[in-house]
Amino acid sequence: MGTVGIAGIGAVSGYGWGREPLWDGLVTGKSAARLTDYGDDLGLAWVATVPPGGDPKDGPTRFMKAMRAAAREAVADALGRGWKPGPRVGLLHAVVLGEVDSWRDFYLVDGGRRRGRDYLALMPSTPMSMLMQEFGFHGPAMNVSAMCASGNAGFVTSQAWIDAGIVTDVLLVATDLSLTPENVSHFRNLGVAIIDQEPQQACRPFQQGSSGFIMGEASVGFVLSNAVEGPYARYLGGALSHDAFHVTSIDPALVHVRSCFELALRSAGLRGDEIAYLNAHGPGTAQCDSAETAMLEQLFSPATQVYSVKPLAGHCQAAASAVEIAVAALSYERGVIPAAPVVASAHPQLLDGLTKRRPGPTVKSSLGMGGHNSVVVIGE
């Protein structure tokens, strides 16, 4: 098995349209979340929504504009860094909730009536097909969906495609622009999303007093290829598993969470004491903090440091782990890690704000609701 290089990165986030606004926003140590008025549905809520923008030619919806913008930026970035696309470039799209704004309007505003072309825009395959047409790519195009673990699952699948010879390269995009009043309300009612507290007071991963996460939106694109010199970072290995335990809760025995970490390390040919950083799922919920703290203390060394950017970028659902992999990959080139500032008593291995990076691999964990465990390893 080769190690796939991250040749290009593109992003749309609560900080704005582009890779640099995401990085610059995180470096400030200030959250992308803003007080948003949801009217009679929810009132004022702290959420990190993608601001207005995008190219009107990319389609009528926020989702389609963001997906295509992130993909286009990643491709342009990779080409500028010397990537030469092979004959079979595949597309993987990590997504959980697709065109939620449009489906909402389809039923509640349009009464289920639309022109054929406008109806087709609701299908999750449509923006993918438009991207393939734009770039002239001819490999397979497929959606990947594993709740918050979708981005990690996309990386594992990309490597499998390349190893099997199905594709020469992969354009991986993870998109979630789903913060309608209904979705925000349901996550609040589940007891995991906090909308009425300032973001970094509510979401404090690995710190005392954390009460949950702030919801976010994003689309992140990557070009993954073996045929590139000087990538941002390399994907070294990864693993996926499932608890098969509960629709929302992690199995407290952590058997399958632990096996996922162990399999990822084994596939990367690394020991836990060789890992410099755990880029955690880190949503600030009690059960995720407990699970990842156990893995940090049982599988890694006291020198392994942990961090999460969810207090800053928000929890971007299907795009969450993609945002966090992009941050980890960029940190290799830029020499610093834009971790969230510590605001309360914390785990001794937790990074506190912007930190100079030291050499070594990064483990990226993501624990999706329903039992989706995923761990990937990246390095210089």
Looking only at side-chain N and O atoms, does [Y] offer a donor or acceptor that is under 3.5 Å from a partner on [X]?
X: S225; Y: D169; value: yes
X: T168; Y: R88; value: no
X: D24; Y: Y15; value: no
X: D77; Y: W83; value: no
X: S158; Y: Y235; value: no
X: E182; Y: T180; value: yes

*asked:* Is it the case that over 12 heavy atoms from other parts of the model lie below 6.0 angstrom from the CD atom of E198?
replied: no
*So with a 6.0 Å cut-off around OH of Y119, is the heavy-atom count from everything else above 12?*
no
Please check this pair: side chain of [X] against backbone of [Y], looking for a donor-acceptor N/O pair closer than 3.5 Å.
X: Q207; Y: A344; result: yes
X: K356; Y: G335; result: no
X: H347; Y: F206; result: no
X: R34; Y: G14; result: yes
X: E73; Y: W17; result: no
X: S31; Y: P199; result: no

*Kindly give the heavy-atom pair with the smallest separation between A141 and M132, and that separation in Å.*
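Taking every non-hydrogen atom into account, CB-CG, 4.1 Å.
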*Nearest non-hydrogen partners of R72 and F135, listed with the distance*: CA-CZ, 3.8 Å
Does the pair [X]/[Y] count as a salt bridge with the N-to-O cut at 4.0 Å?
X: K57; Y: D55; value: no
X: E333; Y: R81; value: yes
X: R266; Y: E262; value: no
X: R68; Y: E134; value: yes

Do [X] and [Y] have side chains that get closer than 4.5 Å, going by heavy atoms?
X: L177; Y: D101; answer: no
X: P338; Y: T355; answer: no
X: E217; Y: S13; answer: no

*When rounded to the nearest 0.5 angstrom, what distance separates CG in L91 from NE2 in H93?*
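L91 atom CG to H93 atom NE2 measures 8.0 Å (nearest 0.5 Å).
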*Drop me the distance from I275's CD1 to S301's OG, to the nearest 0.5 angstrom.*
9.5 Å
*Report the C-alpha distance between H256 and H372 in whole Å, list the side-chain angles of each, state the deciding distance to 0.1 Å, and finish with yes or no for ring pair (Phe, Tyr, Trp, His ring centres under 6.0 Å).*
CA-CA 10 Å; H256 301 288; H372 298 276; over 10 Å; no
